[in-house]
Each structure stands twice: as C-alpha cells, then as structure tokens.
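Taking it in order: structure first as structure tokens, then the write-up.
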Amino acid sequence: MEMGTVIGNVWATRKEDDLTGLKFLVVEPHGISAEKTFVAVDRIGAGVGDQVLVTRGSSASNMSGDIKLPIDALIIGIIDSVDVEEKEVK
C-alpha cells in the first residue's frame, strides 16, 4: 500500500467491457521514494484533492473476485488523518 493525493480525472468513454462503470483518477504518490503520477481505479468516491490509500499490482487486478481486471492500481481508502510519532534517527 502507498499514500498519495488525487490530482485529476481520466475520462475514457470507450474501454474494456470489464472496466465499464469504473472511475479513473490521477494519483500523485507521497514520500521520498515516490514514483511518477499514475492512474488508479476508484470505486469508493474519492475526488481531486483527497489523500488516498492505494494498492498496486496483482492485488488491484483481483478486486472483482474471479475476474482479473487489466488494472494495476486501486484506491482502497480515503485518508482522514495520519499521525506519526517522532523518533530519533541515528
């Protein structure tokens, strides 16, 4: 899992049948080792500006049970807050 911020929408009126009804959002990942922006499927109602939790890889493509979808990123949570304890780094 990784955290990111939704920075845009992707509109695709023609797509694979199994992807009908799914919303695509552009996510900018957080963190020092963050990669470039990527497209994630959203089924939980995230929108531009939301901080989200994303799962990637085979976990994302198996979201519908028996059908393996041609996706590699899925938004699985909208973050309300993040609380990290400060600790000394040696």
Measure the shortest side-chain to side-chain distance between [X] and [Y] over non-hydrogen atoms and say whether it is less than 4.5 angstrom.
{"X": "Asn9", "Y": "Phe24", "answer": "no"}
{"X": "Ile75", "Y": "Val6", "answer": "yes"}
{"X": "Arg56", "Y": "Glu2", "answer": "yes"}
{"X": "Leu74", "Y": "Ser59", "answer": "no"}

What pair of heavy atoms forms the shortest contact from Val52 to Ile79, and how long is it? O-CD1, 3.6 Å
Is [Y] reachable from [X] through a run of I, L, V, M, F, W or Y residues, each pair having side-chain heavy atoms under 4.5 Å apart?
{"X": "Met1", "Y": "Ile71", "value": "yes"}
{"X": "Val27", "Y": "Val48", "value": "yes"}
{"X": "Val39", "Y": "Trp11", "value": "no"}
{"X": "Leu22", "Y": "Val54", "value": "no"}
{"X": "Ile7", "Y": "Leu53", "value": "yes"}

Rounded to the nearest 0.5 Å, how far apart are [atom1] of [X] and [atom2] of [Y]?
{"X": "Leu69", "Y": "Asp18", "atom1": "CG", "atom2": "CG", "value": "5.5 Å"}
{"X": "Asp50", "Y": "Asp80", "atom1": "CG", "atom2": "CG", "value": "9.5 Å"}
{"X": "Ile78", "Y": "Gln51", "atom1": "CD1", "atom2": "CD", "value": "11.5 Å"}
{"X": "Thr55", "Y": "Ile76", "atom1": "OG1", "atom2": "CD1", "value": "5.0 Å"}

Sub-3.5 Å donor-acceptor pair from the side chain of Lys23 to the main-chain atoms of Gly47, do we have one? no
Are more than 12 heavy atoms, taken from residues, nucleotides or ligands other than Lys15, located less than 6.0 Å from that residue's NZ atom? yes
